[in-house]
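Model, not experiment: these values are computed from the prediction. Side chains are part of it too, since the values below use all heavy atoms of this structure and drop only hydrogens, waters and symmetry mates.
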Amino acid sequence: SLGPLYFTYGIVFAGGCSFAYQPSLVILGHYFKRRLGLVNGIVTAGSSVFTITLPFLLSGLLERVGLANTLRVLSILMFVLMLAGFTYKPLLPKPVSSGKVFNMNIWKSLGYRIWAFGIPAALYGYFVPYVHL
């Protein structure tokens with residue numbers, strides 16, 4: 001039935017995006033110091049180009065294999081994306097552990113608060129139009 005497929009795809013999609021999307025943007029700062037803006041633009045453009053081609057791929061898959069198998073293919077792609085997220089290797093030195101699990105002092109920074117609430121708001125505006133297109 002489609003209910004478990006929807007649920008499974010939703011869980012795998014969330015895992016794939018959380019393990020790969022945001023870390024892929026963060027890791028750029030570790031590898032590219034001088035041309036970070038250019039590299040970030042290339043990565044973002046690549047993401048958009050793939051997202052533009054995805055409806056054509058999905059239409060072909062839906063016609064050939066049906067909805068259930070299309071969701072399975074998408075789950076496999078997201079699982080590969082999740083595995084790819086584990087390949088990121090930070091180049092920055094590890095910070096000295098202070099023994100704290102949560103550092104609440106970061107919320108005192110206005111810039112951090114803007115970033116912490118701005119990123120989800122920007123992603124909401126970034127992905128929702130793709131869904132409705």
Side-chain angles (χ1 to χ4, degrees):
S1 69
L2 288 177
L5 285 173
Y6 286 145
F7 179 75
T8 303
Y9 176 68
I11 296 298
V12 173
F13 180 78
C17 288
S18 65
F19 279 122
Y21 183 73
Q22 191 67 20
S24 70
L25 296 177
V26 171
I27 204 74
L28 294 177
H30 294 214
Y31 287 93
F32 302 96
K33 299 284 187 223
R34 290 184 353 178
R35 304 273 183 190
L36 182 59
L38 175 65
V39 173
N40 197 1
I42 291 170
V43 169
T44 305
S47 172
S48 296
V49 168
F50 179 76
T51 305
I52 289 170
T53 60
L54 191 60
F56 301 110
L57 174 72
L58 291 178
S59 295
L61 277 172
L62 282 171
E63 290 175 8
R64 287 182 181 79
V65 298
L67 179 60
N69 288 327
T70 299
L71 284 171
R72 287 183 179 108
V73 169
L74 286 172
S75 292
I76 290 168
L77 289 174
M78 281 297 156
F79 184 70
V80 169
L81 186 64
M82 193 183 317
L83 292 176
F86 290 119
T87 64
Y88 298 135
K89 182 178 178 185
L91 297 178
L92 299 175
K94 291 184 179 181
V96 178
S97 178
S98 65
K100 289 184 181 179
V101 176
F102 297 105
N103 183 3
M104 299 305 286
N105 290 332
I106 59 174
W107 291 101
K108 293 178 182 176
S109 168
L110 176 63
Y112 180 78
R113 289 193 309 254
I114 291 171
W115 178 83
F117 293 109
I119 290 294
L123 287 176
Y124 181 75
Y126 181 68
F127 285 117
V128 169
Y130 285 127
V131 172
H132 293 291
L133 285 175

Pairs touching residues 69-80 that satisfy side chain to side chain donor-acceptor pair (under 3.5 Å), sequence neighbours left out: Asn69-Arg72

Gap separating the CZ atom of Phe32 from the CD1 atom of Ile42, nearest 0.5 angstrom: 8.5 Å

Residue pairs, two or more places apart or on separate chains, that pass side chain to side chain donor-acceptor pair (under 3.5 Å) and touch residues 54-66: none

Shared hydrophobic cluster, Ile76 / Val65 (ILVMFWY, side-chain heavy atoms < 4.5 Å): no

Atom CZ of Arg35 with >12 non-hydrogen neighbours under 6.0 angstrom: no

Between OH on residue Tyr31 and CG on residue Leu36, distance to nearest 0.5 Å: 14.0 Å

Shared hydrophobic cluster, Leu77 / Phe56 (ILVMFWY, side-chain heavy atoms < 4.5 Å): no

Transitive ILVMFWY cluster of Leu110, excluding itself - 4.5 Å side-chain cut-off: Ile114

Shared hydrophobic cluster, Val73 / Leu67 (ILVMFWY, side-chain heavy atoms < 4.5 Å): yes

Shared-cluster residues of Val80, by chain and number - hydrophobic side chains joined below 4.5 Å: none

All ring pair (Phe, Tyr, Trp, His ring centres under 6.0 Å) counterparts of Tyr112, not counting sequence neighbours: Trp107, Trp115

Heavy-atom side-chain contact between Leu74 and Leu61 under 4.5 Å: no

Distance (rounded to the nearest 0.5 Å) between Met104 CE and Ile106 CD1: 8.0 Å

For Val49, the rest of its hydrophobic cluster, which grows through side-chain links under 4.5 angstrom: none

